[in-house]
Amino acid sequence: MSLASRLALWIFALVAGVSLVVAFQLTGREHDHYVASKERAGRMLTELFAASIAPALDFADQDALTASLGMLSQNPEVVDAAIWSALGDKPLAELHPNPKRSARGRDPGVELGSDHIDIAVLAKTPTGKALGSAWVRVSLAQENAAFAAVRRRIFWLAFVLSALIAGLLVAMLRRTIISPLAALERAAQRLARGGVVELGELRRDEVGRLGHAFNHMARVIREREERIVAVNGRLQGLLDHMRQAIVVFDGEGHLATERSRFAHELFGDAFGSHTDICDLLYPVGRSPEVEREAFRTWLAEAGSIAPDGFDELSELAPREVKIRPENGEERLFELEFRAVASEDRKPRVMLLATDVTSQRRLERTAEASEREHQKQLTAMRRLLAGGGQVFVRFLASARERLDSAVRELSERPFLSTEILENVFRFVHTLRAEARSFDLGTVERIALALELELAGARPAPEQSPVRASVRSKISSGCGELGRELATAEALFVESSPIGRRVLEQVTVSREDVAALVRRYGGQSDELGALVARLAARPFGELLSALPDSVERWAVKEGKRVELIVNGRETLVPAELSERLGAALSHLLRNAVAHGIEPPQYRREHGKREAGRIEVTCRQGAAGVVISVSDDGAGFDEDALREKSGTFELGGHNVVELAFAAGVSTRERPDDMAGHGVGLGAVRAELGKAHYLVSIGSERGKGVTALIEPEPAKTGAIHG
Amino acid sequence: MAEQPLIVVIDDSEIILERIKTRLEAEQYRVVTTAQIVGAARLLRGANLVILDWHMPGMTGGDVLASLRAACEKSQKRPLFYLYTSDPTVAAAAKNTGFDGSFINKGDDDSLAQQVGAAIRIAKLKARGSGTRPPRSGRP
């Protein structure tokens, strides 16, 4: 019941009650007044009647007494009457005969009844002698009826008056208290819903002051909320800029609303369907049950642990989880759990999930790269030790057996035990061989196939298990083929002579030298064959130089990138015997004199790492080899100064570098500066009928070119 | 230094045992493997976790589990017994056949390592809950 209704009821009851009490008081008095008047009138009537019957009593005239009673009965107010003599107990005459009438009625006096008044008066002689008594009963019916009517009017008046007063009071209260309070209530509800509220038209009374206090409170709350929103915004901004999916959940795993933008991006619609952190991290049916159970167990413990014990407990939380977003690829997240303050003292946990997919991928790539590097070194060592042929044989043999296995699998409609055992033996052997050649991927695939084959052994030949394994084996063989091709490509790539390594056979150098001595000078086909047999791939001549260049660069405090082109180009035997030393010298010069220190290069707009490019190509008259760098070029002034020939200019100045004793190095060391290098190179190559020339551009670099003498024709045609 | 959890792996395939051992040892666990049921109970002393294959020669993993449990009751501490399978149906029924749980995705060693980590964590958490000190270890 509303306050207004209660007030109305109370006011009505109060006013009505008071009105009725007053009315009853007033009507009571009126009633007494009516009775007193009636009593006086009755007494007068009775006294007159007593005086009128005195003579008849004195003479005991019964008829006269009866006649007097008859006359009295004419009065409508008289309802009964009786006459006694002074001596008898029985009435001498009665208006209405009543055998039970009491003798007590002859005693003078007045007796009030509810609807009548009994009056008894003595009848006396003029001398005062009592002759008897007259008793008259006067009716109060008219007075009672009049009183009842008055009381009804008063009651209705009191009711109407009370209703009016109550209505007026309620209207007044409604206007001054109830309506403002209702407005205040509505405003409080709007405020609770987060609305902006301001009560207007406030009076200067208690309710008005309450409204002012409310407005002030609302303003303070609004300002505080704005500050909270601003702080939350800043916090959310911080969260959103973190590359972590951040969510908060309570001790029962229910997700709270705090979450970072990345969490939204990651979980997306999953937030809508999951309100539980466990379902979010370990979706039912997609995650191993044991991981769900472990997390649930941890969660139950986290929900009841004291804050100071959380750090210890967090050690038992999962560290990583794989999550597959909707329509996305699986990603790996590193998990960190932290206890956070809670308003209701219930434990809350913040989860920071860091996407480490790229990092792990990078780590794996780096590891793989490192492994590949190691493999290349191993391959190089194997090759240098003459193992290249073994690897080539392994590749050929593995391919052959793989093709045979694939053929067998495709020719039979089911995986027979015979085929299974054949393939198993092949895969098992291949795994061991792959391991000996450090081919980890081939080994892993072979192992997986072994597992499948081992699992299928007990199954009947035409069973679904065998059919499933057959399909997996076919797929695995395909993978093996691809991996063997990759291994071959890697081997060829890491070989200094490239693809030719696959065709290489081991031949004694002494035998080749003998052939050259005997047939090398011939210009016929045999001579050409011998020349080709004696020729060596350019990459083989350079095989040790990349490491040397790197070592020299480190020693000089420089960074150098060496690029070799034309590794498979065959270099004639005569030149190949001398080319290694010549190239070594040219490269050492390029590192020592040409390439500038990294800081200098950076300051002059060059890449920090200098670039040296060695190219060997088959020219019309024979192989042409160039060694070019992007270094400083020759310091022509220094060359003139060192040689003492100041009059030379242009191309001739660079020629001074071939002169004995000329070096631009201030102090000779084991790298350069002795002034004997380029001249010796020219002389040495000249013995093989090859020329060496140098072109230089200051600040751009140097190019050394080795090419056949014009008359020489030493092309090796493969 | 805290002792690493000891895991016993029972499987009829030496190849699988070799793989599991290599992978779990990379996670710093102590791993003992056996392809022989006979005498396997001896290896359970001090073990925290036993990983069993379902398809064993002549018997099921459930039979092996029953015999190991019987042998294990005499020892002081009972390890957790987990079934390792690639069959989701068998995995789902593991608890009904007496196993403490199951590891799925057989053949995926990374997944196995994650699941073993979870099982070890469950053991530690339950040990905390029961008031006994959990087995201390570094990883996982």
Side-chain angles (χ1 to χ4, degrees), chain A residues 278 281-282 284-305 309 312-322 330 332-333 335 360 364 424 427-428 431-432 435 443-444 446-459 465 468-469 472 476, chain B residues 11-20 22 27 49 51 53-58 80 82-88 91-92 94-95 99-129 134-140:
Chain A
C278 189
L281 295 179
Y282 302 101
V284 179
R286 284 200 285 164
S287 305
E289 185 54 36
V290 65
E291 292 189 48
R292 276 181 64 83
E293 185 187 348
F295 188 62
R296 279 261 175 248
T297 311
W298 182 84
L299 206 54
E301 192 79 2
S304 59
I305 198 166
E312 190 185 341
L313 182 67
S314 64
E315 289 178 13
L316 295 175
R319 302 278 174 86
E320 288 179 350
V321 67
K322 282 181 180 171
E330 192 171 70
L332 181 67
F333 284 83
L335 306 179
R360 290 294 156 81
R364 280 201 299 274
F424 187 89
V427 170
H428 185 74
R431 185 161 74 90
R435 181 181 289 173
E443 189 188 348
R444 276 196 298 280
L447 181 60
L449 287 178
E450 265 192 72
L451 287 173
E452 293 290 350
L453 290 161
R457 271 175 165 163
V465 174
S468 160
V469 168
K472 286 177 184 170
Chain B
D11 198 297
D12 63 334
S13 165
E14 294 283 359
I15 299 167
I16 291 174
L17 290 174
E18 185 186 332
R19 273 182 58 163
I20 293 176
T22 307
E27 296 292 322
L49 174 66
I51 302 174
D53 180 26
W54 182 256
H55 299 290
M56 301 291 282
L80 294 171
Y82 271 73
L83 178 68
Y84 189 25
T85 178
S86 53
D87 186 339
K95 285 197 174 177
F99 285 94
D100 293 297
S102 58
F103 298 144
I104 58 171
N105 303 333
K106 189 168 185 177
D108 182 344
D109 297 341
D110 289 339
S111 177
L112 174 67
Q114 289 276 355
Q115 294 179 74
V116 166
I120 295 290
R121 288 202 305 276
I122 291 173
K124 289 177 181 175
L125 286 163
K126 285 185 175 170
R128 276 174 65 100
R136 300 285 298 176
S137 70
R139 179 118 182 104

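All chains are named by letter (A, B, ...) in the order of the sequence lines, taking the proteins before the strands, and each is independently numbered beginning at 1.
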Legend entry - Nearest non-hydrogen partners of P288(A) and N105(B), listed with the distance: CG-ND2, 4.4 Å

Inset, instruction - Nearest 0.5 Å please: distance from the CD1 atom of I122(B) over to the CG atom of L316(A). - result: 11.5 Å

Legend entry - Beyond-backbone contact of V290(A) with V116(B), side-chain heavy atoms, under 4.5 angstrom: no

Inset, instruction - With rounding to the nearest 0.5 Å, note down the distance linking CZ in R121(B) to CZ in R319(A). - result: 8.5 Å

Legend entry - Sequence-distant partners of D110(B), salt bridge (Lys or Arg N to Asp or Glu O under 4.0 Å), two or more places apart: R23(B)

Inset, instruction - With a 4.5 angstrom heavy-atom cut-off, could you sort out which part of A300(A) is near chain B: side chain, backbone, both or neither? - result: neither

Legend entry - For Y282(A), all residues meeting ring pair (Phe, Tyr, Trp, His ring centres under 6.0 Å), sequence neighbours excluded: F295(A)

Inset, instruction - Heavy-atom pairs under 4.5 Å with chain B are the metric here; pick the option from A454(A), G455(A), P318(A) that has the most. - result: P318(A)

Legend entry - Region of I16(B) in contact with chain A, defined by heavy-atom distances below 4.5 Å: both

Inset, instruction - Measure across R19(B) and A448(A) and return the closest heavy-atom pair with its distance rounded to 0.1 Å. - result: NH1-CA, 4.3 Å

Legend entry - Lys/Arg-Asp/Glu bridge criterion (N-O < 4.0 Å) met for K126(B), E293(A): yes

Legend entry - Gap separating the NZ atom of K124(B) from the CD atom of E315(A), nearest 0.5 angstrom: 8.5 Å

Inset, instruction - Any chance you could measure W298(A), atom CH2, to R128(B), atom CZ, to the nearest 0.5 Å? - result: 10.5 Å

